[in-house]
Colleague: 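Okay, handing you the structure first.
Each ligand, and each atom within it, is numbered from 1 in the order the structure gives. Owing to the predicted nature of the structure, the values given are computational and were not obtained by experimental measurement.
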Amino acid sequence: MNAPSNMVKVAVVGGEGIGPEVTAQSHRILNWFAAKRGVPMTLREAEYGLVPYLATGKVLPDTTVEAMDEADAILWGATGGPETKEVPAAARKVGSLLSLRSKYDLYANLRPIAASQALVNSAPLKAEVLKGVDFVIIRELTSGIYFGEPRGIERLPDGQRRGFNTEQYTTNQIRRVARAAFELARTRRNKVCSVDKANVLETSVLWREEVIALHNEEFPDVELSHLYVDNAAMQIVREPRQFDVMVTGNIFGDILSDCAAMASGSLGMLPSASLGPVDRFGRRKALYEPVHGSAPDIAGRGIANPLGSILSVAMMLRMTMNQPEEADMLERAVDMALSAGARTADIAEPGAKKLSTVEMGDAVLNALEKVAGNKREHL
Ligand code: IPM
Ligand code: MG
């Protein structure tokens, strides 16, 4: 079989809630990089959620499965919200976000946290706490209590009900995500903090032992520390700048990444990448999505912040498309737009003008034109 061409296939799936609105803006950004910068890509839009369910009986219709199966990168919007009530639970389970993570084995979920200087005044944490914050949470995404068996809700002999789930990790599952963390740290400030609950849970005892063993075997040059998850939550709001790369299991990573969002100003700003194993061509399937979720309270009003999704495109440019300079350019354009005062409602200081989702997309595209123009002049 021939090695694949450098044409990157992207499936664009807006999904539900604010997903389609924010994804429409990051889709424009991708189009811009294809048309104006010649980044080789094919884009295929596909539907997910209540809309295709009503038309086809499936939240994830066959055409979407096909688009996602053949894609190198999936740009995902959001899932969930009131729509979940209109689709029977069983139909929703087939093709849920969790089943997609599992299907494509997207085990390494990268959630970068960077505090934009332009946002420190509207952020819930103090400016001095936010200064210089720049770290990445790597969350294990395909195991742990989210997927462990047995699970369920049962009826006890005395008539009560009992819900139960299983937290579990194997050596390989721990090692591969820890390896991703050590490798990433080597490209940054060379520090990994592993988060667990080894004072209580066996899975965490194993987690810590395996992280330490891997560190000794392959990454002795990287600085390694450990925190219990409760302490980690406190440290993230107390002094987030101490962290470079934080690696943790599925549920701890879910909780800590929302907490860490406050160290970036707003949950609406946070991008993420979920990476699968490297194939024999050196490629890895990846799903890029904003961390914020479907935000049903503001869905359909055109006021959601598209920057989490747009910054997810920057991650895609860097990690799947191998275009680090274009990724930098996009991140600079977002900074420029913010520095010039562009604000959606979630990041607006009191009294500041609030842009719509589309206007924020416009602001980033305008800034991109400027950054690209400057770049040409400097050549
Ligand atoms: C996230 C979300 C998901 C998760 C939900 C939507 C299932 O909170 O990606 O952080 O818990 O993983
Ligand atoms: Mg979450």
Colleague: Does any N or O atom in Glu289 lie less than 3.5 angstrom from one in ligand 1, N or O only?
Modeller: no

Colleague: Atom 2 (C) of ligand 1: which protein heavy atom is closest, and how many Å away?
Modeller: Asp254 OD1, 4.0 Å

Colleague: Indicate yes or no: does Asp346 engage Lys354 in a salt bridge with an N to O separation below 4.0 Å.
Modeller: no

Colleague: Kindly confirm whether the Mg ion (ligand 2) is within less than 2.8 Å of some N/O/S atom in Asp254?
Modeller: yes

Colleague: Identify, for atom 7 (C) of ligand 1, the protein heavy atom at the shortest distance, and state residue, atom and that distance.
Modeller: Leu98 CD2, 4.2 Å

Colleague: Please list, in number order, the atoms of ligand 1 under 4.0 Å from a heavy atom of Arg139.
Modeller: 1 (C), 4 (C), 9 (O), 10 (O), 11 (O), 12 (O)

Colleague: Inspect the contact between Glu16 and Arg92 and indicate whether a charged nitrogen and a carboxylate oxygen are less than 4.0 angstrom apart.
Modeller: yes

Colleague: Where on Arg101 is there a heavy atom closer than 4.0 Å to ligand 1, on the side chain, on the backbone, on both, or on neither?
Modeller: side chain

Colleague: Can you tell me how far OG1 of Thr23 sits from OH of Tyr48, rounded to the nearest 0.5 angstrom?
Modeller: 13.5 Å

Colleague: Tell me: protein heavy atom nearest atom 6 (C) of ligand 1, and distance?
Modeller: Leu97 CD2, 4.6 Å

Colleague: Considering only NZ, NE, NH1 and NH2 on the basic side and carboxylate oxygens on the acidic side, decide whether Glu289 and Arg101 come within less than 4.0 Å.
Modeller: yes

Colleague: What protein heavy atom is closest to atom 4 (C) of ligand 1, reported as residue, atom name and distance in Å?
Modeller: Tyr146 OH, 3.5 Å

Colleague: Do we get Arg139 above Phe252's six-membered ring, with its NZ or CZ under 6.0 Å from the centre and within 45° of the axis?
Modeller: no

Colleague: Hey, are Arg283 and Asp72 close enough for a salt bridge, meaning a charged N less than 4.0 Å from a carboxylate O?
Modeller: yes

Colleague: Less than 4.0 Å between a side-chain N and a carboxylate O, is that true for Lys103 and Asp69?
Modeller: yes

Colleague: Please state which protein non-hydrogen atom is closest to atom 1 (C) of ligand 1 and give its distance, to 0.1 Å?
Modeller: Arg111 NH2, 3.4 Å

